[in-house]
Amino acid sequence: MRVLVTGGAGFIGSHVVVGALSAGFEVAVLDNFSSGKRANLPAGVQVFEADLRDRDATLRAVADFQPELVSHQAAQASVSVSMKDPRFDAEVNIIGGINLLDACTAAGSRVRQVVFASTGGAIYGEVPEGERASESFQLEPQSPYGISKLTFERLLAVYGDHRGLKSTVLRYANVYGPRQDPHGEAGVIAIFFDAALAGRNLTVFARRAVGDGGCVRDYVYVADVARANLRALTGELPHPVINVGSGRATTTLELAERILATTAARSSIEHGGVRAGDIGRSLLDVTRFEQTLGASTPLDGGLAETAEWYRAR
Ligand code: NAD
């Protein structure tokens, strides 16, 4: 069976590629290498170096490789970039996404299942104290990025109804693990590991006032995300939309303390102010995930594996 992974050279996509190869699939990657790296790709994977915004190149890649399954991980993946440049976000995540869907439903296409990397953080908005966002929680994206992810989810439904394309939407919590880029705009775990191992201080931005524990997040290990993707690709998940998270609430301060303990670093924790646009509390209801995929990796276990990777780098 052939799987095309868009964004396969990126952090999460590369784990999907590795998982798909070990499951015995024939794998190709479509990536423009804007944030992805060739070094993330195992040897022998076919690469289509193409930008999703280039409609002809996208149609050509799908027509050449003839995948049955498509894992759509490529995206403009930064909330803050989307705030600064909403048009660019829409061009990649919506127009680029439409090019991919048209390629998947073009005459002669063999694609029968698309799995989409959506977001469980930016799509639900603020999750009140004491609550978790299930898949039917209010959809209140507060950034162009959240809006473009929601728009693509809706487009998938339309392509399903009118062109018979099957799909599964995976709404990721905050993903962490090996190969996450600490120099990007997001990924506090990567940023903290990078700082701790270089002996720099870790900054905890406030949730409401300087010195509080910072924002609350649901951190999920990338191996769990790759696992969910593989099951979704083979059509084994019984839900069209599924949260991919741990369901555990962690403040940025707790995270900083755990990373300092894991690395035995001597860095200190500094406290910064509230950052505009940050959601204060984001936490997923992972009942569907646990029923279909079992327990997620405990944070300490995932952090230990991640620490090993950053040390070896
Ligand atoms: P990443 O930046 O490491 O990976 C994105 C990949 O897409 C890169 O390889 C990049 O080169 C490629 N890409 C970007 N624009 C492209 C374009 N126009 N054409 C072709 N390729 C393009 O990011 P990631 O963290 O691995 O995220 C993967 C997916 O998961 C994204 O869709 C992101 O929105 C989603 N997501 C990530 C998180 C997280 O915590 N990392 C959370 C929720 C959702």
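Counting convention: from 1, in listed order, for ligands and their atoms alike.
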Considering only NZ, NE, NH1 and NH2 on the basic side and carboxylate oxygens on the acidic side, decide whether [X] and [Y] come within less than 4.0 Å.
| X | Y | value |
| --- | --- | --- |
| D102 | R163 | yes |
| E68 | R110 | yes |
| E129 | R281 | yes |
| D194 | R313 | yes |
| R258 | E254 | no |

Which one of [options] has a non-hydrogen atom at the shortest distance from [atom]?
| atom | options | answer |
| --- | --- | --- |
| atom 18 (N) of ligand 1 | V222, D51, N40 | D51 |
| atom 23 (O) of ligand 1 | A77, A57, G10 | A77 |
| atom 8 (C) of ligand 1 | S35, A50, S34 | S35 |
| atom 32 (O) of ligand 1 | K149, Q76, H15, R171 | K149 |
| atom 28 (C) of ligand 1 | Q73, R217, R179 | Q73 |
| atom 44 (C) of ligand 1 | G8, S118, G7, A190 | S118 |

List the closest protein heavy-atom neighbour of [atom]: residue, atom name, distance to the nearest 0.1 Å.
| atom | value |
| --- | --- |
| atom 41 (N) of ligand 1 | I12 CD1, 3.7 Å |
| atom 34 (O) of ligand 1 | Y145 OH, 2.7 Å |
| atom 30 (O) of ligand 1 | Y172 CE1, 3.4 Å |
| atom 40 (O) of ligand 1 | V175 N, 2.9 Å |
| atom 16 (C) of ligand 1 | N32 OD1, 3.3 Å |
| atom 3 (O) of ligand 1 | F11 N, 2.9 Å |

Margin query: What I want to check is whether the side chains of N93 and S148 have a donor and an acceptor closer together than 3.5 Å.
Written below: yes
Any luck finding a side-chain donor-acceptor pair between Q76 and D85 under 3.5 Å?
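No, because no side-chain N or O of Q76 sits under 3.5 Å from a partner of the opposite role on D85.
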Need the ligand 1 atom indices (1-based, order shown) with element for anything under 4.0 Å from a heavy-atom of [X].
| X | result |
| --- | --- |
| A9 | 9 (O) |
| A173 | 40 (O), 42 (C), 43 (C) |
| A117 | 29 (C), 30 (O), 32 (O) |
| F33 | 11 (O) |
| G36 | 8 (C), 9 (O), 10 (C), 11 (O) |

- Query: Just wondering, do H271 and L253 contact through their side chains at under 4.5 Å, heavy atoms?
  - Reply: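 Yes; the side chains approach each other to less than 4.5 Å.
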According to the interplanar angle, ranging from 0 to 90°, do the rings of Y124 and F137 count as parallel (below 30°), tilted (30 to 60°) or perpendicular (above 60°)?
perpendicular
- Query: At their closest point, which heavy atom of R207 faces which heavy atom of V274, and how far apart are they?
  - Reply: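 The answer is O-CG2, 3.7 Å.
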Here the pair of heavy atoms bringing I147 nearest to P141 is N-CB, 3.6 Å
Which bit of [X] is near ligand 1, meaning a heavy atom under 4.0 Å away: side chain, backbone, both or neither?
| X | result |
| --- | --- |
| Y176 | neither |
| D31 | both |
| A122 | neither |

**OP:** Examine L52 against ligand 1 and note whether any of their N/O atoms are separated by less than 3.5 Å.
**Re:**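 L52 vs ligand 1: N/O contact under 3.5 Å present.
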Note to self: Do F11 and V79 land in one hydrophobic cluster if side-chain heavy atoms of ILVMFWY residues count as linked below 4.5 Å?
What the structure shows: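 F11 does not cluster with V79.
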Students should find that the hydrophobic cluster of L4, defined by side-chain heavy atoms under 4.5 Å apart, otherwise consists of L30, F48, L52, V62, F65, V70, I94, I98, L100, L101, V111, V114, F116, F152, L155, L156, Y159, L165, V169, V241
